[in-house]
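Here's the structure, in structure tokens; my notes come after.
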Number of protein chains: 2
Amino acid sequence: MDEITEITEHKLNIIKGVFMDFLNANGHKRTTERMAILEEIYSFDEHFDVLELHHHLRRKNYKVSMATIYNNIKLYEEAGLILKHRFGKGMAQYEKCYFNRDHHHIILTDTGEVKEFRDPRIQDIKNWIEKTYDIKVDRQSLYFYGRRCEKQKNTPRDE
Amino acid sequence: MDEITEITEHKLNIIKGVFMDFLNANGHKRTTERMAILEEIYSFDEHFDVLELHHHLRRKNYKVSMATIYNNIKLYEEAGLILKHRFGKGMAQYEKCYFNRDHHHIILTDTGEVKEFRDPRIQDIKNWIEKTYDIKVDRQSLYFYGRRCEKQKNTPRDE
DNA sequence: ATAACTGCAAATCATTTGCAGATCT
DNA sequence: AGATCTGCAAATGATTTGCAGTTAT
């Protein structure tokens, strides 16, 4: 939906606070790299992968190794600050998510473009699932793959 | 939904027919391995990975290499006969899909159990997306991750 | 006949890990 | 001080690919 979730100084501080609480609560240390990577992640408006993240950081003259990025990205995930996607081939994609939850994705397979949308019916379905199966849904990942109108694939129906 | 899609001899023949048409249409050859792997895939009622597939085949004394499985599995996918999933870590999971389309998944993260469900609202959403973005949605992948009711994670709301 | 296939082994790609030296608390 | 980091380089795991011999059309 390209409704840009602008990260103000104030919001960034909330994020950092959440993360530092998480670090404390789990016996992790607060390091410069850790905070720098987190801040960089929240400066992305789009999805990104570890390589892009690495490039952005180098461009700003932070010298952070890929190992460190990979190691820390798991923490942000655990802390509920980023979401990991595996759209298709290649590297995983990530996105910040603290102020941007409950949205879903449309991937245009021809161009690689990723759109976001929200739909209240998804919430309804989630509620229905929780009730019907007596479970707590704590994560969902919904992707629609498509492309700009023209031809279409053969799709046999349910029998 | 555990509504088992039993594959009768008749259905299997339809599948094989579809696949052979696909092979012809694309200049691929019909080999014993290719047909054996396909048949084995359609004997699974659940999701499977390439290793399980390999084991099943060996147990039946088909000696097929992993390379061949990997190479061919792409064809079944292209032919619209299987779906590939990347639930979490590790290997990709696959499932037959010719007689079992338009269903979605609930993954119980504690037990690893996978449930299937259908919901007409998903179709509505798909239609809405196609109209709104002027695209053709040709694939969708919807997963809800949850676990049997008890505690729940802290989930900050949209701002 | 010949283009496509199988299977092995080697290659690749993304991600993880072991370890030595540096850094937080 | 002592546990936890970082970063390098080496290890891993899943999947792909090159190639020589084999098979389908």
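Naming convention: chains lettered A, B, ... in sequence-line order (proteins, then strands); numbering from 1 in each chain.
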Rounded distance in Å - CG (L23(A)) to P (dT6(D))
10 Å
Mind calculating the distance between CD1 (I73(A)) and C1' (dT17(C)) to the nearest angstrom?
17 Å
Choosing from dA4(C), dG7(C), dC24(C), which nucleotide comes nearest the side chain of K29(A)?
dC24(C)
With the side chain defined as heavy atoms from C-beta on, T31(A) is closest, among dT16(D), dT15(C), dC5(D), to dC5(D)
Residue met sooner reading DNA chain C from 5', once G90(A) and I69(B) are mapped to nucleotides:
I69(B)
As a test of understanding, state which of H85(A), H104(A), H105(A) forms a side-chain hydrogen bond (donor to acceptor under 3.5 Å, both in side chains) with Y143(A).
H85(A)
Just how far, in rounded Å, is P of dA14(D) from NE2 of H85(B)?
18 Å
Output the single nucleotide from dA14(D), dT6(D), dT17(D) whose closest atom is nearest the side chain of M91(B).
dA14(D)
What is the distance from CE of M35(A) to C1' of dT23(C), rounded to the nearest Å?
16 Å
Got more than 12 heavy atoms from elsewhere within 6.0 Å of OH, Y145(B)?
yes
Please determine if a side-chain N or O atom of Y70(B) lies less than 4.0 Å away from the OP1 or OP2 oxygen of dT16(D).
no
Determine whether more than 12 heavy atoms belonging to other residues, nucleotides or ligands lie under 6.0 Å from atom CZ of R121(B).
yes
Rounded distance (Å) that lies between atom P of dT12(C) and atom CE of M66(B):
20 Å
Just to confirm, is there a sub-4.0 Å distance from OP1 or OP2 of dT25(C) to any side-chain nitrogen or oxygen of R30(A)?
no
Out of dT6(C), dT25(D), dT15(C), which nucleotide sits closest to the side chain of N72(B)?
dT6(C)
Return the nearest nucleotide to the side chain of V64(B); candidates are dT17(D), dT15(C), dG7(C).
dG7(C)
Nearest heavy atom decides the nucleotide; on that basis, is K89(B) or A67(B) closer to the 5' end of DNA chain C?
A67(B)
Aromatic ring centroids of F48(B) and H56(B) under 6.0 Å?
no
Hey, what do you get for CD1 (I106(B)) to CD1 (I129(A)), rounding to the nearest 0.5 Å?
4.0 Å
Output the rounded distance in Å from NE2 (H54(B)) to P (dT6(C)).
13 Å
So is K115(B) actually on top of Y133(A)'s ring, under 6.0 Å and inside 45° of the axis?
no
Any base atoms under 4.0 Å from N26(A), or only sugar-phosphate, or nothing? Heavy atoms, all strands.
nothing
Quick check on DNA chain D: between R34(A) and K84(B), whose nearest nucleotide comes earlier from the 5' end?
R34(A)
Just the rounded figure in Å: distance from P of dA22(C) to NZ of K63(A).
13 Å
If you assign each of H28(B) and L51(B) to its closest nucleotide in DNA chain D, which residue comes earlier from the 5' end?
L51(B)
Expressed in angstrom and rounded to an integer, what is the separation of Q93(A) atom CD from dT15(C) atom P?
10 Å
Considering just the side-chain nitrogens and oxygens of T68(B), establish if one lies under 4.0 Å of OP1 or OP2 belonging to dG7(C).
yes
